[in-house]
Amino acid sequence: ITAERINQYARYFALSGSREAMIMAARQIVPADPGMLTERIPAVAVPTLIVWGEKDALILPWQAARLYREIKGAQLAILRDCGHVPHEERPEEVARLLADFVG
């Protein structure tokens, strides 16, 4: 974690309403009925790219594999030596994956 990254987060958290927005988002992370959500995964019918960090300790990689199995036609990219925020930890690689995905 660099000082630059800490300062970047601090700038966003200093914006008006950001604290309330973060609290609201955190409260919605786990739905009241998680089973209802997981039951709907196979119904996803849009092109789907799943990008996951192999060292994600918050949402474990086996969950990415499950999404990949359950979403017909999904593509899966597991990034080595990467944690929970691949777009920040490996922005160039994620940008390349996205560009290839959207064609």
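The model shown is predicted, which means the values in this text are computed figures rather than measured ones. Nothing fancy with the numbering, it's 1 onward along the sequence.
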If you look at every heavy atom in [X] and [Y], which pair is closest and at what distance?
{"X": "H84", "Y": "E89", "answer": "N-OE2, 3.3 Å"}
{"X": "L76", "Y": "Y68", "answer": "CB-CD1, 3.5 Å"}
{"X": "R80", "Y": "E54", "answer": "CA-OE2, 3.2 Å"}
{"X": "S18", "Y": "F13", "answer": "OG-O, 2.6 Å"}
{"X": "P61", "Y": "G53", "answer": "CG-O, 3.8 Å"}
{"X": "D81", "Y": "R90", "answer": "O-NH1, 3.8 Å"}

Out of curiosity, E70 CD to E39 CD, how far, rounded to the nearest 0.5 Å?
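Going from CD on E70 over to CD on E39, the span is 10.5 Å.
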Pairwise distance CD1(I29) to CD1(I59) - rounded to 0.5 angstrom:
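CD1 of I59 is found 7.5 Å from CD1 of I29.
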Count I, L, V, M, F, W, Y as connected when their side-chain heavy atoms are under 4.5 Å apart, and connections chain through other members. Are [X] and [Y] then in the same cluster?
{"X": "I50", "Y": "I41", "result": "yes"}
{"X": "L97", "Y": "V102", "result": "yes"}
{"X": "V46", "Y": "L67", "result": "yes"}
{"X": "V30", "Y": "I23", "result": "no"}

Close side-chain approach of D56 and Q63, heavy atoms under 4.5 Å:
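No. Closest side-chain heavy atoms not under 4.5 Å.
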Answer yes or no: is there a side-chain heavy-atom contact under 4.5 Å between V94 and L79?
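Result yes, sub-4.5 Å side-chain heavy-atom pair found.
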With distance as the sole test, does W52 use its side chain to make a donor-acceptor pair with the main-chain N or O of A65 at under 3.5 Å?
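Side chain of W52 to backbone of A65: no pair is present.
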Any side-chain to backbone donor/acceptor pair from Q8 onto E4? Under 3.5 Å, distance only.
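Side chain of Q8 to backbone of E4: no pair is present.
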Taking atom CZ of R19 as the centre, report whether more than 12 heavy atoms of other residues, nucleotides or ligands fall under 6.0 Å from it.
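Not more than 12 within 6.0 Å, no.
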Test side-chain contact (heavy atoms from CB on, under 4.5 Å) on R96 and E93; report intermediate values, then the result.
CA-CA 5 Å; R96 182 186 51 77; E93 189 171 353; 3.7 Å; yes
